Amino acid sequence: MAGVLRAERVWVETFTGLRMDQFGRLLKAVRERGGEGCGWGRPWRLPLAERVLLVAVYYRTNLTMRQLAPLFGVSPAMVCRVIQRLGPLLALEPARTPADAAERLWIVDGTLVPVRDRTVGASSRNYRFSANVQVIVDAESRLVVATARPVPGNTADAKAWRDSGLAQHCEGVTVLGGGAYINTGLIVPHRKRPGRPLLKGEEEDNAQHRKVRARVEHTSSRMKDYKILRDCRQRGNGLHHAVQDVARMHNLTLAA
């Protein structure tokens, strides 16, 4: 059975949200990481460009594997193998500490991703079974700098940050966090004390803090245009790879 979707401009731009040149950079990165090889077993039925397109379409639309299979003219089992094989190869590489670290401003926030895997998620404040994913964004470019491995959604942001290992990527960089990140070494808003209202200067600082920190929330919202982050059916490391892959594609959409 012949598939409908091909690695052509009309399908790429319609189903992935990427321009053709951006998709080309994504394809190049996968090829450089060894995506051409079949690893073991029979050679792939689909060329690499269409396998990368399959993964991007899966993340963007969150269609089931049975729905994707006829679109590409393959079996659901092959769709599963392609996603498992290429998912780690699309992952975003955490940014190294920049040379001008002292002049940079990064923002961190935790976002909840609904999941089906009970070993990854937990009942959370969004009234769903979710995982907490820590995301660092550059305040100026709004590019995703790094993402952490998901933790259960009932984990406090401060604990998730401490356990994430992301701090090592932020050496020398000023990092903003919300009020939940108190005592983590991040820049957090001033807190009200019992019987002592905030001073005028503190209120102004908090207003400016909220204005800047909103950028990471906007980024998380844009990442969830990829519907895999609205209801992730992947198990094990599937969510971790999905978040990293979506972060990479999000960065590509912001590239000139």
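All figures in this text were calculated on a predicted structure; none of them were measured in a lab. By convention here, the first residue in the shown sequence is residue 1. FYI, side chains are in, hydrogens and waters are out, and symmetry mates aren't considered; it's all heavy atoms of this structure.
The shortest side-chain heavy-atom distance between Asp231 and Lys227 does not fall under the 4.5 Å cut-off. At a threshold of 4.5 Å between non-hydrogen side-chain atoms, the residues Gln234 and Val115 do not count as touching. Using a 4.5 Å cut-off on side-chain heavy atoms (C-beta onward), Trp11 and Thr16 make no contact. For the pair Glu36/Arg51, a side-chain contact is recorded, criterion being any heavy-atom separation below 4.5 Å from C-beta on. Here the side chains of Met249 and Phe23 are not in contact, with every heavy-atom distance at 4.5 Å or above. Within the 4.5 Å cutoff, the side chain of Leu48 has heavy atoms near those of the Arg31 side chain. Contact annotation: the side chain of Asn132 never approaches that of Pro150 to less than 4.5 Å [non-hydrogen atoms, C-beta and beyond]. Side-chain contact between Leu176 and Leu186 is absent, with no heavy-atom pair separated by less than 4.5 Å.
The shortest heavy-atom contact between His209 and Pro189 is CE1-CD, 3.6 Å. When all heavy atoms of Gln134 and Tyr181 are compared, the pair lying nearest together is OE1-OH, 2.6 Å. The shortest heavy-atom contact between Cys170 and Trp161 is SG-CH2, 4.0 Å. The shortest non-hydrogen separation linking Ala160 to Val151 is CB-CG2, 3.9 Å. Summarising the geometry of Gly236 relative to Val120, their closest heavy-atom pair is O-CG2, 3.9 Å, with the distance given to 0.1 Å. Residues Gly34 and Leu89 share a closest heavy-atom pair of C-CD1, 4.3 Å.
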Go through it in stages, so that I can follow the logic: the residues are Leu198 and Glu204, the test is side chain to side chain contact (heavy atoms under 4.5 Å, CB included), and I'd like the CA-CA distance, side-chain angles, deciding distance and then a yes or no. CA-CA 10 Å; Leu198 291 178; Glu204 293 173 351; over 6 Å; no

Which is it for Leu5 and Glu50 under the side chain to side chain contact (heavy atoms under 4.5 Å, CB included) test, yes or no, and what are the steps along the way? CA-CA 8 Å; Leu5 300 188; Glu50 291 181 11; over 6 Å; no

Can Met223 and Val144 be said to form a side chain to side chain contact (heavy atoms under 4.5 Å, CB included), step by step? CA-CA 10 Å; Met223 287 175 64; Val144 177; 3.9 Å; yes

Using the side chain to side chain contact (heavy atoms under 4.5 Å, CB included) rule, take Leu90 and Gln244 through it: C-alpha gap first, then chi angles, then the decisive distance, then the call. CA-CA 8 Å; Leu90 271 68; Gln244 290 188 318; over 6 Å; no

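Atom CZ of residue Arg60 and atom CG of residue Leu18 lie 7.5 Å apart, to the nearest 0.5 angstrom. If you take CG on Asn237 and NE2 on His240, they are separated by 6.5 Å, rounding to the nearest 0.5 Å. Rounded to the nearest 0.5 angstrom, Asn251 CG and Ser141 OG are separated by 7.5 Å. Considering CG of Leu63 and CG of Leu68, their distance stands at 5.0 Å, rounded to 0.5 Å. A distance of 11.5 Å separates CG of Leu86 from NE2 of His241, quoted to the nearest 0.5 Å. Remark: Thr219 OG1 to Lys224 NZ distance equals 12.5 Å, nearest 0.5 Å.
Under the 4.0 Å criterion applied to side-chain N and carboxylate O atoms, Arg33 and Glu93 are assigned as salt-bridge partners. Here Glu13 does not pair with Arg19 in a salt bridge; the nearest charged N to carboxylate O distance is not below 4.0 Å. Looking at Asp117 and Arg233, no side-chain N of the basic residue comes within less than 4.0 Å of a carboxylate O on the acidic one, giving no salt bridge.
For CZ of Arg162, the number of neighbouring non-hydrogen atoms (other residues, nucleotides, ligands) closer than 6.0 Å is greater than 12. Enclosure of atom CD in Glu140 is not indicated, since only 12 or fewer non-hydrogen atoms of other residues, nucleotides or ligands lie within 6.0 angstrom.
A donor-acceptor pair shorter than 3.5 Å can be found between the side chains of Thr64 and Gln67.
Judged by the 6.0 Å distance and 45° axis criteria, Arg118 is positioned over the aromatic ring of Phe129.
By the criterion of side-chain heavy atoms lying less than 4.5 angstrom apart, applied directly or through intervening Ile, Leu, Val, Met, Phe, Trp or Tyr residues, Val79 is grouped together with Val52 in one hydrophobic cluster. Note on Leu92: it clusters hydrophobically with Ile83, by side-chain heavy-atom contacts below 4.5 Å among ILVMFWY residues. Residues Leu199 and Val188 fall into different hydrophobic clusters, defined by Ile, Leu, Val, Met, Phe, Trp and Tyr side chains chained together at heavy-atom separations under 4.5 Å. Linking Ile, Leu, Val, Met, Phe, Trp and Tyr whenever their side-chain heavy atoms come within less than 4.5 Å leaves Leu112 and Tyr226 in two separate clusters. Val145 and Val216 sit in two unconnected hydrophobic clusters of ILVMFWY residues. Membership requires side-chain heavy atoms under 4.5 Å apart, directly or through other members.
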Side-chain donor-acceptor distances from residues 102-109 under 3.5 Å, at least two apart:
| residue | atom | partner | partner atom | Å |
| --- | --- | --- | --- | --- |
| Arg104 | NE | Asp100 | OD1 | 3.3 |
| Arg104 | NE | Asp100 | OD2 | 3.3 |
| Arg104 | NH1 | Asp138 | OD2 | 3.2 |
| Trp106 | NE1 | Asp138 | OD2 | 3.1 |
| Asp109 | OD1 | Arg213 | NH2 | 3.0 |

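With Ser221 contributing its side chain and Glu217 its backbone, the two residues share no donor-acceptor pair below 3.5 Å. For Ser124 (side chain) and Asn126 (main-chain N/O), no donor-acceptor pair under 3.5 Å exists by modelled atom type.
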